Colleague: 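Have a look at this one.
This one's a predicted model, so the numbers in the text were calculated from it and none came from an experiment. Here, residue 1 is the first one in the sequence, and each next residue gets the next number.
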Amino acid sequence: MRVALFLTCVNDTLYPDTGKAVVKLLTRLGVDVDFPVAQTCCGQAHYNTGYRHEAEPLARHFAEVFGAYDAIVTPSGSCGAMVRELYPRMGERARAEGRGGALADVLAPVVPKTYELTEFLVDVLGVTDVGAFYPHKVTYHPTCHGLRGLGLGERPRRLLEAVKGLELVELPGAEECCGFGGTFALKNADVSAAMGVDKVRNAESTGAEVLCAADNSCLMHLGGTMARLRTGMRPVHIAEILASTEEEPAV
């Protein structure tokens with residue numbers, strides 16, 4: 001099985017340790033992971049901001065870079081949802097505009113083999129206990145794209161529940177948006193900040209040391225909110241928790 005890591009822009013630029021954790025985790029599980037260096041943005045920021053045509057060359061490039069792999073794994077629910085949900089729409093919209101089916105044909109092969117990390121672990125590898133050790137009290141925030149776009153459901157929780165030493169506590173209002181939403185946080189800053197405060201206060205009420213999610217863009221937003229509120233909590237991507245072991249514990 002040829003597996004490629006689609007790291008995403010945010011992780012590549014700001015959270016490279018998440019990418020390292022994915023490679024460490026999958027390698028431990030016997031997966032040979034490749035990192036195609038030609039990968040770029042998937043076009044999500046362009047598409048969501050209304051620049052649909054400008055996103056098309058990025059989508060084509062994604063298909064060219066990752067097309068030969070058997071599976072494409074990403075530690076980002078939002079970018080995973082871009083490929084799975086919006087690439088097919090881009091192709092059909094191009095067809096409806098009279099530009100033919102070429103774009104849809106190029107994008108179609110990569111759509112079904114793109115997986116968010118927890119999907120790949122549970123659905124493809126068939127594991128929930130990945131041999132992780134993380135002796136901390138953790139609460140989990142299901143991000144919007146993962147929850148509503150990809151339908152991750154209980155997969156992340158099942159993985160966290162199997163981690164040795166980890167105490168998982170329920171997050172009040174877990175399914176409420178944290179307020180990030182990419183450009184929403186810029187265009188509606190006051191609303192975004194208020195939503196972030198609500199989410200962090202709910203997390204703080206659990207007594208958890210760590211707020212975990214499967215998308216670093218939301219954790220970036222919440223981490224900034226935590227810092228401003230001086231909660232003492234830490235935002236941690238689920239990949240870093242699952243990669244932690246007794247022999248090589250995460251910080």
Side-chain angles (χ1 to χ4, degrees), residues 1-12 15-44 58-88 91 104-134 143 145-146 149-164 213-216 237-245 247-248 250:
M1 190 178 198
R2 298 189 66 214
V3 175
L5 169 62
F6 169 38
L7 186 54
T8 80
C9 303
V10 168
N11 288 319
D12 184 45
Y15 301 101
D17 285 346
T18 296
K20 295 176 185 177
V22 173
V23 174
K24 177 182 175 182
L25 170 62
L26 293 181
T27 301
R28 189 171 78 224
L29 295 173
V31 178
D32 187 14
V33 187
D34 190 19
F35 179 78
V37 294
Q39 64 182 278
T40 60
C41 176
C42 64
Q44 180 191 177
L58 294 169
R60 287 180 179 274
H61 182 70
F62 181 96
E64 292 169 2
V65 170
F66 291 103
Y69 291 92
D70 299 311
I72 305 153
V73 179
T74 181
S76 169
S78 60
C79 294
M82 174 66 186
V83 177
R84 292 252 295 278
E85 281 198 301
L86 300 183
Y87 276 14
D105 292 342
V106 166
L107 300 182
V110 297
V111 171
K113 57 185 180 181
T114 297
Y115 299 91
E116 185 273 334
L117 174 65
T118 64
E119 281 185 307
F120 184 74
L121 293 171
V122 176
D123 296 351
V124 179
L125 297 187
V127 296
T128 51
D129 186 346
V130 298
F133 172 74
Y134 194 77
T143 63
H145 284 95
L150 295 176
L152 296 183
E154 292 296 306
R155 294 175 184 85
R157 291 184 59 85
R158 290 170 62 193
L159 289 159
L160 291 171
E161 287 168 352
V163 174
K164 185 177 179 181
D215 212 316
N216 271 327
H237 193 284
I238 192 171
E240 296 173 50
I241 293 176
L242 299 178
S244 177
T245 62
E247 294 75 23
E248 296 181 77

Colleague: Could you tell me which non-hydrogen atom of Cys41 sits nearest to which non-hydrogen atom of Leu58, and how far apart they are?
Modeller: O-CB, 3.6 Å
Colleague: Does Phe133 offer a backbone N or O that forms a donor-acceptor pair with the side chain of Ser244 under 3.5 Å?
Modeller: yes
Colleague: Quick check: do Thr114 and Phe62 have side-chain heavy atoms less than 4.5 Å from each other?
Modeller: yes
Colleague: So which heavy atom on Pro75 is nearest to which on Val22, and how close?
Modeller: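 Answer, listing the atom of Pro75 first, then Val22: CB-CG2, 3.9 Å.
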Colleague: Using the rule given for side-chain contact (heavy atoms from CB on, under 4.5 Å), can you reason through Tyr115 versus Leu121, listing the C-alpha separation, both sets of side-chain angles and the distance that settles it, and then say yes or no?
Modeller: CA-CA 9 Å; Tyr115 299 91; Leu121 293 171; over 6 Å; no
Colleague: Roughly how far, to the nearest 0.5 Å, is the CG atom of Leu26 from the CG atom of Asp32?
Modeller: 10.5 Å
Colleague: Roughly how far apart are Tyr15 OH and Ser76 OG, rounded to 0.5 Å?
Modeller: 12.0 Å
Colleague: Taking the side chain from Lys113 and the backbone from Val73, do they hold a donor-acceptor pair closer than 3.5 Å?
Modeller: no
Colleague: Please find the pair of heavy atoms, one from Gln39 and one from Leu5, that lie closest to each other, and give the distance.
Modeller: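 Taking Gln39 first and Leu5 second, the nearest heavy atoms are NE2-O, 2.9 Å.
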Colleague: Checking ring-ring contact (aromatic ring centres under 6.0 Å, His included) between Phe6 and each of Phe120, Phe66, Tyr69, which is the one that passes?
Modeller: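 Exactly one candidate clears the test, Phe66.
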Colleague: Has Arg28 got a side-chain atom pairing as donor or acceptor with Val130's backbone, closer than 3.5 angstrom?
Modeller: yes
Colleague: Here's a test for you: under side-chain hydrogen bond (donor to acceptor under 3.5 Å, both in side chains), which of Glu119, Glu116, His145 qualifies with Arg84?
Modeller: Glu119
Colleague: With no hydrogens and no angle check, is any side-chain donor or acceptor of Arg155 less than 3.5 Å from a backbone partner on Gly151?
Modeller: yes
Colleague: Can you see which heavy atom on Arg2 is nearest to which on Asp70, and at what distance?
Modeller: N-OD2, 2.6 Å
Colleague: What heavy-atom pair brings Arg158 and Val122 nearest, and what distance separates the two atoms?
Modeller: NH1-CG1, 3.7 Å
Colleague: Looking at Ser78, is its backbone amide N or carbonyl O close enough to the side chain of Asp215 to form a donor-acceptor pair, meaning the two atoms are under 3.5 Å apart?
Modeller: yes
Colleague: Distance-only, no hydrogens or angles: does the His237 side chain make a donor-acceptor pair with backbone N or O of Thr18 under 3.5 Å?
Modeller: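 It does not hold such a pair.
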Colleague: Using the rule side-chain contact (heavy atoms from CB on, under 4.5 Å), only one of Leu29, Val23, Leu25 pairs with Thr27; which is it?
Modeller: Val23
Colleague: With rounding to the nearest 0.5 angstrom, report the CG to CG distance, Leu7 to Asn216.
Modeller: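 Output value for this atom pair is 9.5 Å.
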Colleague: Using a strict cut-off of less than 4.0 Å between a Lys/Arg side-chain nitrogen and an Asp/Glu carboxylate oxygen, indicate whether Arg60 and Glu64 qualify as a salt bridge.
Modeller: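 No.
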Colleague: How long is the straight-line distance from CZ of Phe35 back to NZ of Lys20, given to the nearest 0.5 Å?
Modeller: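 Rounded to the nearest 0.5 Å, the NZ-CZ separation comes to 11.5 Å.
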Colleague: Which heavy atom of Gly131 sits nearest to which heavy atom of Thr245, and what is that distance?
Modeller: O-CG2, 3.8 Å
Colleague: What distance do Ile238 atom CD1 and Arg157 atom CZ have between them, rounded to the nearest 0.5 Å?
Modeller: 10.5 Å
Colleague: To the nearest 0.5 Å, tell me how far Leu150 CG sits from Thr74 OG1.
Modeller: 9.5 Å
